[in-house]
Novice: 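Here it is, the structure in full.
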Amino acid sequence: MSKKIYVLDTSVYLTDFSSLKAFDNNDIIIPLKVLEEIDKHKKRQDSVGSNARQIIRLFDELRERGSLYDGVTLDADNPESGKVYAKSYDPDVIPKDWSLSDPDNMIIGTALTEKNKSDSKVILVSRDINMRVKCDSVNLDTQDYFDSQVVQSIEHVYTGFCTYRVQDNVVDDFYNGEDVFIEQVPEQELCVNQFIVLTSDRSEKKTAIAQFKGYSNPLKKLVTFKNEVWGVRPRNKEQNCALNLLMDPNISLVSLIGKAGSGKTLCAIAAGLQQTLEETRKPLYSRLIVSRPVQPLGKDIGFLPGTMEEKMAPWLKPIEDNLKFLMGNDSLTLEMYMDNGKIEIEALTYIRGRSISNAYIIIDEAQNLTQHELKTIITRVGEGTKIVLTGDVEQIDNIYIDEVTNGLTYGVEKLKDESITGHITLRRGERSELATLAAKKL
């Protein structure tokens, strides 16, 4: 089979610096305009800047082994591997209706120039939807960058919840405290810590909710939390499942996905306070750390006046609101816990690079993390630490990721089979009738 030629857009490199390795043994072309665009992002102090710096280093390593103008073999130990070229474009191939000063048009022009010269199939790869539409309009093959996509669509993301049809007496046995085991069924593969609604084969109204702990282990009954968790009592079955995961010391990572008002952040913080500030017995964790990515919708945070604490205040206000609500709006008590280090609220930038032990960590708005950022954060977790990821994958502000490529979705899918992780998707809004209506209708 003849080699293909892939022309990679700037958005691909800024999403994944290792994208050069994702195209098997095919050739890759770097448009010269892409090199210029990447250079504009190298000083950014976020994942985009990190990807820009790392891909520049990779280009430099290739340059040291040969000429990007003539083509450098991507894998020095494999002569059959594809080559990487840096090329420009012929202005005559760009439609007259398009501006020659538009970076996207220059990149498309590079691909069109190569298509006119080569017998190989030329494909432009871009994360930019409009750019792919423009490619199609000039009869240029194009595709999204799929290597970072862990599921086909948002509907296929693991929910941590399923139904399982059983014989009528099995439901009775489970409620009577007898050991109930689940048989492995090829068409319904279960994950450890997944929640199951046992449904009677005689009546769909006869059900029981259990936690799956493995095919060789009996189903586990859920704690009902009638005595509340730091003043919070679950209002639906998904919230109850979430609190079972959050309060289980044997689960080191919990991920909660849900729309606005579903209670994901409130449940996570309540469980953290309960296990950190508990006075009736020795707390499980020495401190509660709550953080979130700084993802601006307008100007970057660096343009705001004031100290670091003053700059961060607007971003961390939603977390502080939840803490005040759980503490009965007692600002003095909250400040006391923050002053003695029992509660920390800080920007995600200052968590990266640390090694954190014996702590309960909540990363709110985790859907705005890239896959690389998520890995960086989780690898900072030390012994005795639990980390909770919360977010709504339908509300992403980071332009370089989407519903199926963001760090939260990536973490859910990659870690769902591990015994020390758990996930649940919260579907019902509980903040208020108006908030639930807005989430559904607006």
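Side chains included, hydrogens not; waters and symmetry mates left out as well; all remaining heavy atoms used. Residue indices begin at 1 and follow the sequence shown.
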Novice: Does K414 have more than 12 heavy atoms from other residues, nucleotides or ligands lying within 6.0 Å of its NZ?
Specialist: no
Novice: Less than 4.0 Å between a side-chain N and a carboxylate O, is that true for K134 and D128?
Specialist: no
Novice: For E383, I'd like to know if atom CD has over 12 heavy atoms of other residues, nucleotides or ligands within 6.0 Å.
Specialist: no
Novice: Report the C-alpha separation of Y337 and M327 in whole Å, then their side-chain angles, then the decisive distance to 0.1 Å, and conclude whether the side chain to side chain contact (heavy atoms under 4.5 Å, CB included) test is met.
Specialist: CA-CA 11 Å; Y337 282 126; M327 291 188 164; 3.6 Å; yes
Novice: If only atom types and distance count, is the side chain of Q274 paired as donor or acceptor with the main-chain N or O of G231 below 3.5 Å?
Specialist: no
Novice: Considering non-hydrogen atoms only, spot the tightest contact between R132 and S126 and give its length.
Specialist: NH1-O, 2.9 Å
Novice: Enter the distance from L389:CG to L256:CG here, rounded to the nearest 0.5 Å.
Specialist: 8.5 Å
Novice: For the residue pair Y360 and Y285, does the interplanar ring angle fall in the parallel (under 30°), tilted (30 to 60°) or perpendicular (over 60°) class?
Specialist: perpendicular
Novice: Carefully, step by step, assess I377 and I387 under the rule side chain to side chain contact (heavy atoms under 4.5 Å, CB included).
Specialist: CA-CA 10 Å; I377 294 166; I387 184 165; 3.9 Å; yes
Novice: Do you know the tightest heavy-atom contact between Y13 and N51?
Specialist: O-CB, 3.6 Å
Novice: Could you give the distance from NE2 (H423) to CG (L415), rounded to the nearest 0.5 Å?
Specialist: 11.5 Å
Novice: From the options I289, T390, L369, select the one residue that forms a side chain to side chain contact (heavy atoms under 4.5 Å, CB included) with I363.
Specialist: L369
Novice: Test side chain to side chain contact (heavy atoms under 4.5 Å, CB included) on E344 and V290 and set out the steps.
Specialist: CA-CA 6 Å; E344 296 179 25; V290 193; over 6 Å; no
Novice: Would you check if D136 and V133 make a side-chain contact, meaning some heavy-atom pair closer than 4.5 Å?
Specialist: no
Novice: Please report the closest heavy-atom contact between L58 and F17, naming both atoms and the distance.
Specialist: CD2-O, 4.0 Å
Novice: If you measure from the Lys or Arg side-chain nitrogens to the Asp or Glu carboxylate oxygens, is any gap between D60 and R57 under 4.0 Å?
Specialist: no
Novice: Please work out whether the ring planes of Y6 and F23 are parallel, tilted or perpendicular, with thresholds of 30° and 60°.
Specialist: tilted
Novice: Less than 4.5 Å apart, side chain to side chain, heavy atoms only: is that true for E114 and Y85?
Specialist: no
Novice: Tell me if a side-chain donor or acceptor on D417 pairs with a main-chain N or O of C191 at a distance below 3.5 Å.
Specialist: no
Novice: Which atoms form the tightest heavy-atom contact between I396 and E403, and what is the distance?
Specialist: CD1-N, 3.7 Å
Novice: Could you tell me if the side chain of T110 sits less than 4.5 Å from the side chain of K33, heavy atoms only?
Specialist: no
Novice: Looking at CD1 of I196 and CG of L219, how far apart are the two atoms once the value is rounded to the nearest 0.5 Å?
Specialist: 5.5 Å
Novice: Quick check for you: to the nearest 0.5 Å, what is the distance between E238 atom CD and L426 atom CG?
Specialist: 6.5 Å
Novice: Going by heavy atoms in the side chains, are V72 and K83 under 4.5 Å from each other?
Specialist: no
Novice: Could you tell me whether the side chain of R287 and the main chain of I361 form a donor-acceptor pair under 3.5 Å?
Specialist: no
Novice: Taking the side chain as everything from C-beta on, heavy atoms only, tell me whether D339 gets closer than 4.5 Å to M336.
Specialist: no
Novice: Strictly distance-based, threshold 3.5 Å: is any side-chain N or O of Y410 a donor or acceptor partner for the main-chain N or O of H372?
Specialist: no
Novice: Counting N and O atoms only, with roles assigned by atom type, does the side chain of T142 sit under 3.5 Å from a partner on the main chain of L124, one being a donor and the other an acceptor?
Specialist: yes
Novice: Can you list the steps and then say if K4 with D24 is a salt bridge (charged side-chain N to carboxylate O under 4.0 Å, His left out)?
Specialist: CA-CA 10 Å; K4 298 176 183 177; D24 298 325; over 6 Å; no
Novice: Just by distance, no angles: are the side chains of N322 and T265 close enough, under 3.5 Å, to form a donor-acceptor pair?
Specialist: no
Novice: Backbone N or O of N398 within a donor-acceptor pair of the Q367 side chain at under 3.5 Å?
Specialist: no
Novice: Could you report the tightest heavy-atom contact between G411 and L374, atom names first, then the distance?
Specialist: CA-CD2, 3.6 Å
Novice: Taking CD1 in I420 as the centre, count heavy atoms belonging to other residues, nucleotides or ligands within less than 6.0 Å. Is the count above 12?
Specialist: no
Novice: Does K324 pair with D321 as a salt bridge, N-O distance under 4.0 Å?
Specialist: no
Novice: Name the residue from I94, N139, V138 that meets the side chain to side chain contact (heavy atoms under 4.5 Å, CB included) definition with L112.
Specialist: V138
Novice: Has D9 got a side-chain atom pairing as donor or acceptor with V12's backbone, closer than 3.5 angstrom?
Specialist: no
Novice: Please confirm whether the backbone N or O of K259 pairs with a side-chain atom of S262, one donor and one acceptor, at under 3.5 Å?
Specialist: yes
Novice: Report the distance from atom OG1 of T370 to atom OH of Y400, rounding to the nearest 0.5 Å.
Specialist: 12.5 Å
Novice: With a 3.5 Å distance limit and no angle check, can you tell me whether T379 reaches the backbone of K375 through a side-chain donor-acceptor pair?
Specialist: yes
Novice: With a cut-off of 6.0 Å (strictly less than), are more than 12 heavy atoms of other residues, nucleotides or ligands near CZ of R65?
Specialist: yes
Novice: State, to 0.1 Å, how close T385 and N358 come at their nearest heavy-atom pair, and which atoms those are.
Specialist: OG1-N, 3.0 Å
Novice: Quick check: do I209 and V197 have side-chain heavy atoms less than 4.5 Å from each other?
Specialist: yes
Novice: Find out whether I362 and L288 are in side-chain contact, i.e. whether some heavy atom of one side chain is under 4.5 Å from a heavy atom of the other.
Specialist: yes
Novice: Check whether any side-chain N or O of T409 sits under 3.5 Å from a backbone N or O of V404 as a donor-acceptor pair, and report yes or no.
Specialist: no
Novice: Could you walk me through whether Y215 and L190 pass the side chain to side chain contact (heavy atoms under 4.5 Å, CB included) check?
Specialist: CA-CA 9 Å; Y215 293 104; L190 300 175; 3.7 Å; yes
Novice: Could you tell me if the side chain of V412 sits less than 4.5 Å from the side chain of V393, heavy atoms only?
Specialist: no
Novice: For the atom pair CG (L68) and CG (L32), what is the distance rounded to the nearest 0.5 Å?
Specialist: 10.0 Å
Novice: Check this for me: K237, atom NZ, are more than 12 non-hydrogen atoms of other residues, nucleotides or ligands nearer than 6.0 Å?
Specialist: no
Novice: Within the supplied structure, the quantity of interest is the number of heavy atoms (other residues, nucleotides, ligands) at a distance under 6.0 Å from K342 NZ; does it exceed 12?
Specialist: yes
Novice: Take a 6.0 Å sphere around CG of D119 and say whether it holds more than 12 heavy atoms from other residues, nucleotides or ligands.
Specialist: no
